[in-house]
Amino acid sequence: GEGIYAAKFCYDLEYNGYSDWFLPSKDELNILNENALYIRGFSYNPGANYYWSSSEYNGMAWMQVITPGFWNNPILYPRDRKMHARCIRYF
């Protein structure tokens, strides 16, 4: 659809010669969090380490606080909030 939102941002992204990016589900984002120490490019500053997932429930979306070395459950959050988006690709 039209508008500015994380899933569309990832869908439209062209980076490093690739255009098959997508917004991860809450489970995929949780795997990224579990491996954040080995993956570069996350913001770890408190309050700036919130990332959207593509998973939704009851008009809200799941987000994940990315904190290296810590296990965090995804949290349901209103979809109108501003947070980071971490686009990923299948490989």
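When hydrophobic clusters are built by joining Ile, Leu, Val, Met, Phe, Trp and Tyr residues whose side-chain heavy atoms come closer than 4.5 Å, directly or via intermediates, L29 is grouped together with Y90. In terms of hydrophobic clustering, with Ile, Leu, Val, Met, Phe, Trp and Tyr side chains grouped at heavy-atom distances under 4.5 Å, Y51 and F22 are assigned to a common cluster. Linking ILVMFWY residues whenever their side-chain heavy atoms come closer than 4.5 Å, directly or via other members, leaves Y50 and I66 in distinct clusters.
In this structure, CZ on R89 lies 13.0 Å from SG on C10, to the nearest 0.5 angstrom. Rounding to the nearest 0.5 angstrom, the gap separating the CG atom in D20 from the CD atom in E14 is 10.5 Å. Considering CZ of R86 and CD of Q64, their distance stands at 13.0 Å, rounded to 0.5 Å.
Using modelled atom types, one side-chain atom of S53 and one backbone atom of W62 make a donor-acceptor pair closer than 3.5 Å.
Listed here is the closest heavy atom pair of Y77 and M83: CD2-CE, 2.8 Å. Residues L76 and Y57 come closest through the heavy atom pair CD1-CD2, 3.7 Å. Taking all atoms of both residues into account, the shortest heavy-atom contact from W52 to A61 is CZ3-CB, 3.6 Å. The two residues W21 and Y18 make their nearest non-hydrogen contact at NE1-O, 3.2 Å. When all heavy atoms of S54 and L23 are compared, the closest pair comes out as OG-O, 3.3 Å. Scanning both residues, S55 and K26, for their nearest heavy atoms gives OG-N, 2.9 Å.
Take E34 and apply the salt bridge (charged side-chain N to carboxylate O under 4.0 Å, His left out) test, not counting sequence neighbours, and it matches no residue. Remark: T67 pairs with N49, V65, F70, N72 by the side chain to side chain contact (heavy atoms under 4.5 Å, CB included) rule, at least two apart or across chains. By the salt bridge (charged side-chain N to carboxylate O under 4.0 Å, His left out) test, D12 pairs with K8, sequence neighbours left out.
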